[in-house]
Structures are given as structure tokens and as C-alpha cells.
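Nothing here was measured: the structure is a model prediction, and the numbers come from that model. Just so we're on the same page: letters track the sequence lines, and every chain starts at 1. Atoms considered below: every heavy atom in the structure, side chains included; atoms not considered: hydrogens, waters and symmetry mates.
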Amino acid sequence: MVLAREARTAPRQIAEAVVRHLDPQGTLVERAEVAGPGFINFFLKEEWLAAVLRGILAAGPDYGKVDVGRGQRVLVEFVSANPTGPLNVVSARHATVGDVLAEVLEWAGFSVDREFYVNDAGNQVRMLGAAMDVRVRQLLGEDAELPEGAYPGEYLIDIAREYIAQYGAHDRPQGPPPWVGAAEVQPADGDNDDEEPAAPSRKWRHDPVYEAWLDRLARFAVERIVEGQKAVLRQYRVEFDRWFHESEVRAAGGPEAVVERLRQAGHAYEADGAVWLRSTAFGDDKDRVLVKRDGNFTYIVPDVAYHVNKFERGYHHLINLLGRDHYGYHVRLKAALAALGFNPDALEIIYLQMVHLVRGGQEVRMSKRRGEFVTMADFLKEVSVDAARWFFLMRSTDSELDFDLDLANLQTSDNPVYYVQYAHARICSIFRQAKAAGFAVEQALADAPLERLVEEPERELVRKLAEFPDEVELAAVRREPHRLTRYAHEVASGFHSFYTHCRVLGEDAGLSAARLALCAATRQVLANALAIMGINAPEEM
RNA sequence: GCGCCUAUAGCUCAGUGGACAGAGCGCCGGCCUCCGGAGCCGGGUGCGGAGGUUCGAAUCCUCCUAGGCGCACCA
């Protein structure tokens with residue numbers, strides 16, 4: 001049909017010509033027929049079903065792996081939450097999608113690393129130090145108030161207490177903190193609940209001694225907070241190959257080098273006391289500041305340096321998962337990389353939509369500004385890792401996600417993750433029964449007369465199992481890990497249907513063996529799919 | 001104002017040029033002498049609107065409508 005125009009021939013005629021010239025000898029194709037407006041239907045030989053099952057059983061835990069990646073090195077950067085507080089539920093969605101995307105890319109033949117970027121430098125760390133200072137002084141019985149824009153979260157009180165316990169507070173400067181008496185600064189925008197604290201810190205008094213103290217406090221807090229983030233992610237079964245610190249990039253002079261290279265290349269210029277990137281030359285709708293009037297780098301500079309570092313480490317392709325609230329950032333980042341001579345197409349940004357928690361049909365309100373948000377740790381006290389991973393994976397990345405806490409905790413078939421796990425457990429149970437009945441399972445699987453699987457539910461299930469490698473490839477290539485939940489559910493559904501219609505263990509030993517082989521293949525596919533998703537495949541429930 | 005995302009069944013969502021548009025939930029009705037009923041089977045309504053491209057459009061293009069997000073010398 002695609003050729004019809006070019007060949008100036010009716011689609012059906014082309015199809016008929018193709019079919020006439022097909023030689024199915026020695027293939028699994030029985031015959032081919034022209035259908036409809038010009039489709040060609042291939043009818044597969046009965047042997048195909050048996051070949052699929054034998055292939056699955058032979059490949060075992062490797063069934064589903066494909067090699068579209070051909071070993072290309074890919075770096076997936078995800079979560080990368082600020083080291084200024086514990087991870088929240090939004091990070092949990094990022095952790096799930098990033099981890100499973102990385103895993104499915106591995107299955108598709110890419111060589112993948114997972115990385116977490118820790119923004120442990122710059123203004124926000126200074127604000128963290130300020131909040132720590134206030135908490136320390138409050139713990140020592142002084143009157144102290146958080147400066148404008150500081151992190152209000154109470155988690156810092158515990159960390160401040162730890163700091164005092166470990167180091168005391170003797171090296172604390174005696175004078176007033178640099179923000180006291182500084183000019184009042186209006187909050188950036190009073191009505192947005194979710195925005196990060198404002199950053200009026202350049203209005204602070206110059207006080208190097210106090211700044212050094214704030215820096216000590218901030219470093220201590222960052223270390224504790226990052227340890228906490230690592231711990232909860234480990235509990236969530238996400239392991240990063242590397243935690244890359246912004247301070248590493250800065251210590252190596254990365255930001256300075258980036259600005260210098262951009263100047264050399266003629267893509268940076270000075271205006272209004274700042275240094276600008278001519279990003280409009282690379283598709284951005286305005287030029288962007290690189291070095292602020294106060295001499296500090298904007299966020300993008302160390303980040304560009306970090307990405308240069310990624311390329312220098314030999315990755316062919318970079319994938320970053322960002323929150324929807326960072327939308328548009330990729331234009332700037334790609335512009336800067338292109339200005340430095342890198343291929344901007346080697347960087348791919350995926351934006352994840354919002355998460356809403358729903359309990360009892362009501363949305364759970366979360367606000368960063370008021371320090372009210374559901375931490376990932378608290379969240380995992382309510383929801384199992386298996387359920388959480390499934391639910392966060394269920395939706396496509398560009399769709400908002402309502403996480404129904406009540407449904408995720410249900411242990412019934414209403415809950416899709418249980419439905420799938422139940423199918424796996426049920427198959428395991430059949431094998432326990434078979435062994436108890438004295439069935440020589442290994443032998444039966446090896447010699448099973450697979451041609452006896454002729455019932456429609458049996459054949460339908462085999463066809464579904466055969467799709468798994470394609471599903472892996474599509475999930476990887478299209479960056480759609482959510483396909484895996486749908487596919488696993490379909491396999492489970494196909495199995496339950498087969499199970500209800502076909503008795504596995506019976507008096508006909510040959511038929512039983514063939515059906516056991518189908519069960520074994522199904523169990524393998526479910527286990528492999530769940531393994532990619534990082535979800536347990538229980539033998540009993 | 002500019003840019004991006006979303007709009008598909010009562011609800012939540014799949015479906016990125018092909019055959020009658022799918023699943024889960026909800027609703028109605030069936031199925032347990034037997035391998036785990038945490039299961040199975042049946043029942044019906046839909047592509048936000050208008051144009052266009054194409055042999056063929058939920059899918060691509062244009063405009064419109066509605067919702068969300070972004071447009072910092074914040075990170």
C-alpha cells in the first residue's frame with residue numbers, strides 16, 4: 001500500500017506479486033494470503049508454537065533480551081534531588097521510571113549507567129547553612145529566626161542536634177548572622193505554594209568568618225541528607241552507579257573552563273555587568289546569563305560542565321529525567337552544549353509529569369514552602385515497594401499520575417500488581433502439586449509433546465509470550481517503560497484464562513507435560529518482566 | 001503574549017498512517033465434586049470541535065475550545 005503510488009499499481013496487485021514470489025520452504029511460514037485492501041497475512045505452521053515455547057525455556061532468565069543497543073553506552077541521570085531535604089513522593093516516581101528505563105535499556109542491549117547529580121554547591125547550600133545556624137542557636141536556647149527564603153523543614157533540627165553532639169558549638173561566631181539587619185527583600189512570587197525558597201542572600205552583610213561557619217554546617221547537613229536519600233533509594237531497590245557531586249565539577253574548575261571556552265568560541269559576551277550565553281543562536285528564545293553581576297555562576301554553568309564531563313567519560317547518549325517544573329531547560333542546556341561543539345541530539349531530556357497522592361478519594365495536599373510534603377520514607381511505610389513501583393510505572397511519563405494509596409494497599413485482584421504476582425504464585429503452586437504427585441517435571445518439560453497444545457486459550461497464551469522481546473525493545477526504544485505493566489497484566493490474564501479452561505495435571509501424562517511446559521514458559525516471562533520492573537515474583541502469597 | 005503537554009467508554013488510562021478503536025475499575029448476569037475463586041465467562045457506550053493531507057487518520061498539518069506546565073542575574 002505504501003508502494004502503490006510509486007509503483008503506480010493497485011495495492012492488491014503488488015501484494016499478489018509479492019505473495020507469488022514468496023518461498024516459505026524451510027521457514028515457519030505455512031502460507032501467505034492477500035487480504036483486505038492489500039495486506040499480506042502470513043499463516044504460521046503449527047510448529048511455530050512449539051518453537052516459541054522451546055525458545056523461552058532454553059533462554060530462561062535471558063528470554064526477552066534483544067540487541068538493538070549493540071553495546072552503545074548510555075547514561076541515565078535521574079532523581080538528582082537537591083541535598084537540602086529528604087526525598088519526597090515525586091522523587092519516587094522519578095526513581096521508578098529512571099531505574100526501570102535503565103534496566104529495560106540494558107535488556108535491549110545498551111550498556112547503561114545510572115547516575116544521581118548532587119547539587120551540593122551554590123546558593124541553596126548557603127541557605128541550608130543559614131537554616132542550620134538558626135536551628136543550632138535555637139537548640140542552644142537563643143532567640144533566632146529563619147532568614148527570608150530559608151528551608152523551614154523541621155528535619156534540620158535533628159541534624160543540628162547531631163552536629164552539636166558531634167562537634168559542639170564552640171567554633172560558632174559570636175556576632176549576629178549576616179542576614180540580620182540586611183535589606184528586606186520581597187519574596188519572588190507570593191502565591192506559588194510549590195516553589196523553592198527565594199534567594200535574597202546577596203543582600204547579606206559581608207562576613208567571611210560567619211560564612212565559613214555556615215559552610216561547615218551546610219556540608220555536615222548535606223552529607224547527612226544525602227546519606228538519608230541513599231538509604232531510602234536502596235530500600236526502594238534503586239542503586240546508582242555513581243553519585244556525582246557538583247562540588248567535584250567546581251573543584252576541578254569546570255565552570256570557569258566552560259565560560260572560557262564559550263568566550264573563545266565567540267558564543268559568550270558581557271553586558272550589564274554579567275556574562276551571557278548567546279543561546280538565541282542555537283534556537284533559544286532569549287540569551288541566558290552565565291555569570292551573574294555578583295560574580296556567581298548561574299545554575300546552568302556547573303551543569304554544562306557536568307555534561308561535558310559525561311561526554312568525556314565516553315557515553316554515546318545521555319538521558320536526563322527532569323520534573324515538569326523544569327520544562328524548557330533543555331533548550332538552554334542543549335544550546336550551551338552545541339556552542340561547545342557537542343552534538344545536542346546526544347542529550348535527551350524526559351520530563352515527568354506531576355504526582356498527586358489520593359487517599360479516601362481526596363487529594364493529599366503537599367507544599368514545599370510550608371515544609372509539608374510526604375517524604376518517600378513515610379510513603380514507603382504505607383505502601384509496599386512492589387505496589388509503589390508498579391503504580392509509578394503504570395502511566396506514561398507525560399501523563400499526570402494520581403497515586404491511589406487505598407488501591408495500592410488492597411490485596412485483591414482490583415490491585416493489578418497482586419493480579420500479576422498471583423499468576424506467578426499460582427504457577428509455582430502447580431509445580432509443587434506436580435512434584436508432590438510424583439511427576440518427573442524436568443523430564444516432562446524436556447520431552448513434552450508441545451503439538452498437543454491446540455486449545456484456543458493455550459495458543460493465545462503462547463502468542464502473548466512470543467511478544468515479550470518486542471515489548472522489551474519498544475519499551476526501551478520509545479522510552480516507554482509503562483508498557484511493561486500493561487504487558488505483564490496481559491500475560492497474567494492469558495494465563496488465568498488458560499488455567500480456568502485447561503486442566504494442567506491430569507491422567508493424560510503427555511498433555512500434562514505439554515501444559516506444564518506452557519506453565520513454565522509463562523512463569524519465566526512473568527518473572528523476567530517483573531525483574532525488569534524491580535518487582536518481586538513471589539512463589540507463594 | 002510566546003512555547004510545550006494533555007483531551008479516547010460513566011471513571012482511570014492504552015493505542016505515534018492500516019482491517020470491526022482496546023484494558024482495568026464501576027454496573028448487570030452467569031461459573032467452584034477437580035491443580036490457589038486473590039480466578040474465569042458474557043453484556044455497551046467513545047476518539048473535544050471544524051477544516052485539510054492520504055487509497056486509508058485517534059495517529060500527520062491548520063485553526064478553535066478546555067485543562068495543566070513553563071517562559072529568572074532561582075535551582
Side-chain angles (χ1 to χ4, degrees), chain A residues 1-2 4-5 10-12 35-39 41 80-82 84 119 121-125 127 149 188-189 195-202 246 271-276 284-286 288-300 302-303 323-332 351 353-354 358 394-402 404 407 410-416 418-419 421-423 425-434 436-437 439 457 478 480 482-483 485-487 489-490 492-493 495-506 512 515-516 519 540-541:
Chain A
M1 290 179 278
V2 176
R5 174 191 290 267
R12 274 197 71 98
F39 296 104
N41 288 336
S80 296
N82 287 330
T84 51
N119 293 122
N123 186 63
Q124 60 175 351
V125 171
M127 297 308 292
D189 184 359
E195 73 183 30
E196 291 289 327
S201 57
R202 71 167 180 276
E246 180 181 350
D272 302 329
V275 180
W276 296 71
D284 203 353
D285 54 5
K286 61 182 75 163
R288 305 291 173 173
V289 171
L290 296 172
V291 184
K292 295 184 262 185
R293 240 180 302 181
D294 64 6
N296 290 314
F297 296 113
T298 55
Y299 178 81
I300 189 172
D303 201 29
R324 198 76 179 89
D325 49 345
H326 291 83
Y327 194 82
Y329 180 69
H330 67 281
V331 179
R332 233 168 295 178
Y351 292 97
Q353 278 280 11
M354 324 252 95
V358 176
M394 220 164 32
R395 300 278 178 258
S396 68
T397 53
D398 51 14
S399 170
E400 289 196 16
L401 190 152
D402 289 335
D404 188 331
L407 178 59
L410 270 187
Q411 308 216 346
T412 72
S413 62
D414 289 345
N415 187 340
Y418 281 93
Y419 178 84
Q421 289 180 317
Y422 178 64
R426 206 177 203 186
I427 296 171
C428 292
S429 172
I430 294 171
F431 279 97
R432 285 193 294 271
Q433 292 278 343
F439 223 90
R478 294 189 185 174
E480 292 176 349
H482 71 279
R483 299 181 143 266
T485 55
R486 179 165 297 269
Y487 176 73
H489 195 274
E490 286 170 0
S493 171
F495 172 74
H496 288 309
S497 181
F498 152 73
Y499 177 89
T500 314
H501 290 95
C502 305
R503 170 94 198 168
V504 177
L505 301 173
S512 294
R515 287 178 173 169
L516 274 176
C519 287
E540 294 176 20
M541 295 173 74

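If you take CZ of Phe495(A) and P of G36(B), they are 10 Å apart, rounded to a whole angstrom. Across the protein-nucleic acid pair, Asn296(A) atom CG and A72(B) atom C1' stand 15 Å apart, rounded to whole Å. Look at CZ on Arg293(A): it is 13 Å from C1' on A72(B), rounded to the nearest Å. When rounded to the nearest whole Å, the span between CG of Asp303(A) and P of C74(B) equals 16 Å. Distance OH (Tyr419(A)) to C1' (G36(B)): 14 Å, rounded to an integer number of Å. Tyr351(A) places its OH atom 10 Å from the P atom of C71(B), with the value rounded to the nearest Å. In this structure, Arg332(A) places its CZ atom 11 Å from C1' of A75(B), rounding to the nearest Å. Distance Lys292(A) NZ to A72(B) P: 14 Å, rounded to the nearest Å.
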(request) At under 4.0 Å between heavy atoms, which parts of nucleotides 16-22 of chain B does protein reach? Answer with one letter per nucleotide, 5' to 3': B base, S sugar-phosphate only, - none. (result) B-BB--B
(request) For nucleotides 4-9 of chain B, just jot down a letter per nucleotide in 5' to 3' order: B, S or -, based on protein non-hydrogen atoms under 4.0 Å. (result) BSS---
Any N/O pairs under 3.5 Å between the protein and nucleotides 28-35 of chain B? List them or say none.
{"residue": "C34(B)", "atom": "O2'", "partner": "Arg503(A)", "partner atom": "NH1", "Å": "2.6"}
{"residue": "C34(B)", "atom": "O2'", "partner": "Arg503(A)", "partner atom": "NH2", "Å": "3.2"}
{"residue": "C35(B)", "atom": "O4'", "partner": "Arg503(A)", "partner atom": "NH1", "Å": "3.4"}
{"residue": "C35(B)", "atom": "O4'", "partner": "Arg503(A)", "partner atom": "NH2", "Å": "3.1"}
{"residue": "C35(B)", "atom": "O3'", "partner": "Gln433(A)", "partner atom": "NE2", "Å": "3.2"}
{"residue": "C35(B)", "atom": "O2", "partner": "Leu505(A)", "partner atom": "N", "Å": "3.0"}
{"residue": "C35(B)", "atom": "N3", "partner": "Val504(A)", "partner atom": "N", "Å": "2.9"}
{"residue": "C35(B)", "atom": "N4", "partner": "Tyr499(A)", "partner atom": "O", "Å": "2.8"}
{"residue": "C35(B)", "atom": "N4", "partner": "Cys502(A)", "partner atom": "O", "Å": "2.8"}

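Comparing atom distances between the Arg395(A) side chain and each of C41(B), A72(B), U12(B) picks out U12(B) as nearest. Comparing C71(B), C73(B), C40(B) by their closest approach to the side chain of Asp285(A) singles out C71(B). Of the candidate nucleotides A75(B), C73(B), G36(B), C73(B) has the atom nearest to the side chain of Asp272(A). For Ala425(A), the listed nucleotide lying nearest its side chain is G36(B); candidates were G36(B), C40(B), C73(B). Minimum atom distance to the side chain of Glu540(A) is reached by G36(B), of the listed A75(B), G36(B), C40(B).
With the nearest nucleotide of RNA chain B identified for both His496(A) and Met394(A), Met394(A) has the one nearer the 5' end. Position along RNA chain B of the nearest nucleotide to Ala274(A) versus Gly328(A) favours Gly328(A) as the more 5'-ward residue.
By the ring pair (Phe, Tyr, Trp, His ring centres under 6.0 Å) test, Phe498(A) pairs with Phe495(A), sequence neighbours left out. Applying the ring pair (Phe, Tyr, Trp, His ring centres under 6.0 Å) rule to Phe439(A) yields no partners; only residues at least two apart in sequence or on another chain are considered. Here His482(A) pairs with nothing under the ring pair (Phe, Tyr, Trp, His ring centres under 6.0 Å) rule; sequence neighbours left out. Residues satisfying the side chain to side chain contact (heavy atoms under 4.5 Å, CB included) test with Asp285(A), not counting sequence neighbours, are Arg288(A). The side chain to side chain contact (heavy atoms under 4.5 Å, CB included) test applied to Ser493(A) returns Tyr419(A), not counting sequence neighbours. For Tyr422(A), the side chain to side chain contact (heavy atoms under 4.5 Å, CB included) criterion is met by Arg426(A), His496(A), Met541(A), not counting sequence neighbours. Here Arg483(A) pairs with Glu471(A), Glu480(A) under the salt bridge (Lys or Arg N to Asp or Glu O under 4.0 Å) rule; sequence neighbours left out. Residues satisfying the side chain to side chain contact (heavy atoms under 4.5 Å, CB included) test with Thr485(A), not counting sequence neighbours, are Trp390(A), Leu393(A), Met394(A), Met533(A).
With Tyr329(A) as the aromatic partner, Arg332(A) does not meet the cation-pi criteria of under 6.0 angstrom to the ring centre and within 45 degrees of the ring axis.
Paired runs in RNA chain B that reach 3 or more consecutive Watson-Crick or G-U pairs, where each pair keeps both distances under 3.5 Å, cover B:1-7 with B:65-71, B:10-13 with B:22-25, B:27-31 with B:39-43, B:48-52 with B:60-64.
In this structure, the aromatic ring of His482(A) is not positioned over the six-membered ring of the base of A14(B) within 5.5 Å between centres and 30° between planes.
OP1 and OP2 of C2(B) both lie 4.0 Å or more from every side-chain N or O belonging to Lys286(A). Residue Ser396(A) has a polar side-chain atom (N or O) positioned under 4.0 Å from OP1 or OP2 of A14(B).
In this structure, the separation between OG1 on Thr84(A) and CG on Asn119(A) is 9.0 Å, given to the nearest 0.5 Å.
By the rule that a glycosidic angle within 90° of 0 means syn, C64(B) does not qualify and counts as anti.
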